[in-house]
Amino acid sequence: MSRGLRALALALLALTSAGPVHAQDTPWWERPEAREEARRTLAQVRSLMEATERGDPRPAAAALQDRAWIVRSIAVIRLEVLGLDAGTTEALREQADPTRPAPEDDSKPLRRAREFAAALEVDLGPPVEVPPREAARIAASILTERVKGGPPDEDAAAKRRLVEHLLAWRAVVPEKADRAWLARRLLGLTDIDQALDDLKAQTAARAVGEDGDAVFTWYRSNAPYLYWHPRERRLRVDVAARVARQPTAEFRRATPWGPEEGPNAPPRETDAQR
Amino acid sequence: MRRHLLTTAGALGLGLLLAGSAQAQDLNLGGTYSITGKDKSGRFRGTATLTQDADARVTGDLQLEYLRWSWSSFSYAPSGARGSARLDAQLRGQTLRGRRYTTTGLSNVLTGLDNAESFQITYGVALDAPNAHGSRVKSVGGRFDGDRGQDSLRDHRPSAPTPPPPPAGNDRIELPARLLAVPGAPEEGRQAFTVRVDGSAASLSIAGPGRLLRAGAPVSGALQLQPGTHRLELEGTGDGRVTVSLRRGSAEVTRATSESAVERLYAILWGYQGTEIDYLEGDVAKTLRNVLPHLPGYALIEDGASFDQRKIEDALKDPTNPRRVVNDWCVSREDLFRYLRRGTLRGIAWGSHGFMEPFPGCPDEELDLFESRVWTAPPSGPRTTDKKTFVREWRDALAASVRTHGPLDFALMHSCCTGAIGSYRDEVWNYTDATTKSRARTVLGDPLPTHDRLRYRSFDALQPQARYLKTYVGPSYYGYHDVNWTHIRNSLEPSR
């Protein structure tokens with residue numbers, strides 16, 4: 001699709017979906033504190049990868065109490081790679097969740113992990129450089145796994161909040177190509193079919209373009225209408241709610257889903273299998 | 001000169017002393033080698049082809065790929081720069097003396113050598129017990145350009161010997177120079193050759209690790225051939241020299257030889273990626289970066305983002321180098337079993353989505369036995385699903401390779417639940433085949449048993465088949481940050 005056509009499609013989309021639900025404040029992911037936290041999170045991921053690739057577990061052990069669950073999660077994964085036992089890993093993995101606080105100082109698994117890190121004798125390899133792009137992709141991988149594998153009763157708003165980290169990271173990754181990649185990941189976790197239809201794009205690559213901006217704009221205007229499809233393990237657009245210009249949660253109170261509709265419908269694609 | 005000799009002697013080491021000069025008398029350095037070393041442009045690796053004439057004059061063509069240290073992969077990786085060099089030397093005993101020419105940039109190396117930068121060389125030849133290709137040459141190498149340059153040529157694959165001069169008659173056997181032995185699927189290494197029988201009938205026989213075929217059917221014993229030109233087939237069956245002879249009565253009228261080698265295959269395979277297809281390119285690059293530099297002398301075969309399987313199949317048929325790494329970006333179930341059936345795997349890295357469920361069609365008493373399985377992808381691309389392949393199928397198919405080469409160096413089963421159900425325990429039945437699930441409801445009751453009342457079989461069952469096995473409890477992560485590359489690198493034994 002040409003740049004002009006895409007701009008027209010976006011303008012039409014904005015017009016057709018404009019309404020009271022879009023007259024909202026700056027979304028959380030665009031606020032300065034969210035961007036700062038995004039920057040810090042990705043820097044931490046990068047730093048932990050660099051240390052642990054050299055064989056040094058100590059920064060990962062220290063990061064198990066980080067305020068960002070993604071940082072705690074990468075710390076657990078890397079400690080496991082370096083040989084932390086399965087039982088401790090499992091316990092720490094449960095703490096590395098957006099719904100859980102960081103473990104307290106007296107947490108037994110935390111103590112065991114720190115003892116492991118302190119006792120591990122390795123000849124550190126030479127310094128390793130992990131590009132910022134790699135850090136963003138690793139963080140997105142952890143995020144994807146959590147969104148798709150979270151508790152079955154987790155509501156769509158919580159899922160959305162998780163997915164929206166991708167939009168926060170968008171502001172701090174260095175290059176257009178990285179933003180485009182995050183947009184592609186966003187499509188993978190949301191309603192790729194509807195997005196392609198709305199954006200009049202034949203393929204995900206075309207929808208994403210060189211910087212992903214069209215996809216991020218699409219997400220922002222469709223966020224209130226997203227519901228969680230449990231068998232596709234992705235957020236989908238409630239088109240009826242969008243036509244009615246009501247957030248899906250509100251719309252479905254008056255117009256409940258039918259037995260074969262929305263989250264009750266069979267999965268439409270075969271790309272969401274385990 | 002003194003310094004060269006001292007260095008050479010050091011490089012030769014014990015192998016030279018043990019080999020003894022008697023073994024060197026009929027030394028022929030002709031053939032191909034893998035080469036590593038350095039020059040003023042940096043470290044390099046590549047291939048070297050040496051030819052040796054009847055007067056023991058050796059010429060060599062060195063094709064070099066320069067390397068630079070990558071902190072991200074903690075290893076040397078190609079820098080993108082390439083070079084070439086030429087050797088012109090005389091072999092005396094186990095010493096090669098002559099000159100090394102840097103030919104990079106010369107449009108015509110034959111006419112341009114006089115202008116090329118060159119260095120005097122005195123390289124040593126180390127001998128050892130015959131390698132897999134029947135060569136006693138363990139290494140050829142030494143320093144040049146002071147201490148700045150060094151060549152180390154290893155993994156000698158001798159040239160197919162020059163056929164003996166034809167006899168007075170016009171009988172001919174034209175064999176391919178190399179044969180590929182694929183024990184589990186010998187037809188994959190099958191090659192045609194021709195025999196011309198002149199005058200009167202003759203009998204054809206084979207010696208060494210090879211098998212004769214006629215019209216696809218194996219030939220047992222000597223094959224009687226009438227005068228004329230015959231098109232036959234030949235397969236390698238092991239490592240070593242294959243000799244095909246034509247006889248009339250007790251007299252051998254002609255013969256030809258070919259070098260047979262058993263394939264050594266490392267497979268990096270990518271199945272169904274689903275919406276995580278955006279990770280594929282990066283995960284492929286990361287895996288290659290961590291494995292390939294540690295497999296010197298191995299040829300990379302891959303389809304790339306085209307997912308064109310013909311590229312891989314054509315390259316696998318080429319017998320030039322039996323040591324290869326297949327990197328298949330989109331593996332269907334048919335592809336997977338074609339690789340496994342070859343019986344030549346030395347290591348495998350698998351990447352796809354995966355889960356656990358009862359084996360479809362299992363007996364009722366196994367409906368509570370959840371088995372790890374991974375998804376292949378259709379030939380069109382890895383975004384969608386093809387088929388599920390279960391532990392039992394992998395284990396049975398891998399047995400062929402273990403019979404050929406012993407346990408794999410490594411098996412990386414990078415899919416969710418290849419080690420156990422883990423954190424997916426509460427959705428354990430969610431991805432079970434619909435027919436199986438319906439049977440389970442009938443046999444086990446509704447609601448279905450919870451995870452703690454089920455039995456499990458994971459890819460840990462492959463443990464005896466791989467010296468380093470990595471499976472995943474619950475999630476495996478795209479981005480491959482949950483892989484310990486050091487363990488995989490340390491497991492590699494590329495020269496066995």
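All chains are named by letter (A, B, ...) in the order of the sequence lines, taking the proteins before the strands, and each is independently numbered beginning at 1. Values in this document were obtained by computation on a predicted structure and should not be read as measured data.
Within a 6.0 Å sphere centred on CZ of B/Arg439, other residues, nucleotides and ligands contribute more than 12 heavy atoms.
Heavy atoms of B/Lys388 lying under 4.5 Å from chain A are absent altogether. With a 4.5 Å cut-off on non-hydrogen atoms, A/Glu134 touches chain B through its side chain but not through its backbone. If you measure heavy-atom distances from B/Tyr424 to chain A, the contacts under 4.5 Å come from the side chain alone. With a 4.5 angstrom heavy-atom cutoff, B/Val374 does not touch chain A via any of its atoms. Neither the backbone nor the side chain of A/Arg54 comes within less than 4.5 Å of any heavy atom of chain B. With a threshold of 4.5 angstrom between heavy atoms, B/Tyr431 approaches chain A through side-chain atoms but not through N, CA, C or O. Both the backbone and the side chain of B/Asp278 come within contact range of chain A, with heavy atoms under 4.5 Å apart. Heavy atoms closer than 4.5 Å to chain B are found in the side chain of A/Ile77, but not in its backbone. For A/Ala140, the parts lying near chain B are the backbone and the side chain together; criterion is any non-hydrogen pair under 4.5 Å. Interface remark: A/Arg233 contributes side-chain atoms only to the contact with chain B (heavy atom separation under 4.5 Å).
With chain B as the partner, the residue from A/Arg185, A/Arg184, A/Arg93, A/Glu145 showing the most heavy-atom pairs under 4.5 Å is A/Arg185. No other option in A/Thr89, A/Leu187, A/Thr144, A/Ile142 has as many heavy-atom pairs under 4.5 Å with chain B as A/Ile142.
Residues B/His414 and B/Trp350 fail the side-chain proximity criterion, which asks for heavy atoms closer than 4.5 Å. Taking 4.5 Å as the limit, some side-chain heavy atom of A/Lys148 sits within range of a side-chain heavy atom of A/Leu189.
Residues meeting the side-chain contact (heavy atoms from CB on, under 4.5 Å) test with A/Arg161, sequence neighbours left out: A/Trp28. With sequence neighbours excluded, the residues satisfying salt bridge (charged side-chain N to carboxylate O under 4.0 Å, His left out) with B/Arg441 are B/Asp446.
Cation-pi check for B/Lys470 over B/Tyr472 is met; the charged atom lies under 6.0 angstrom from the ring centroid and within 45 degrees of its normal.
Side chain to side chain, B/Asp386 and B/Trp375 fail the donor-acceptor criterion of an N or O pair below 3.5 Å. Residues B/Arg333 and B/Thr376 bring no donor and acceptor atom of their side chains to less than 3.5 Å of each other.
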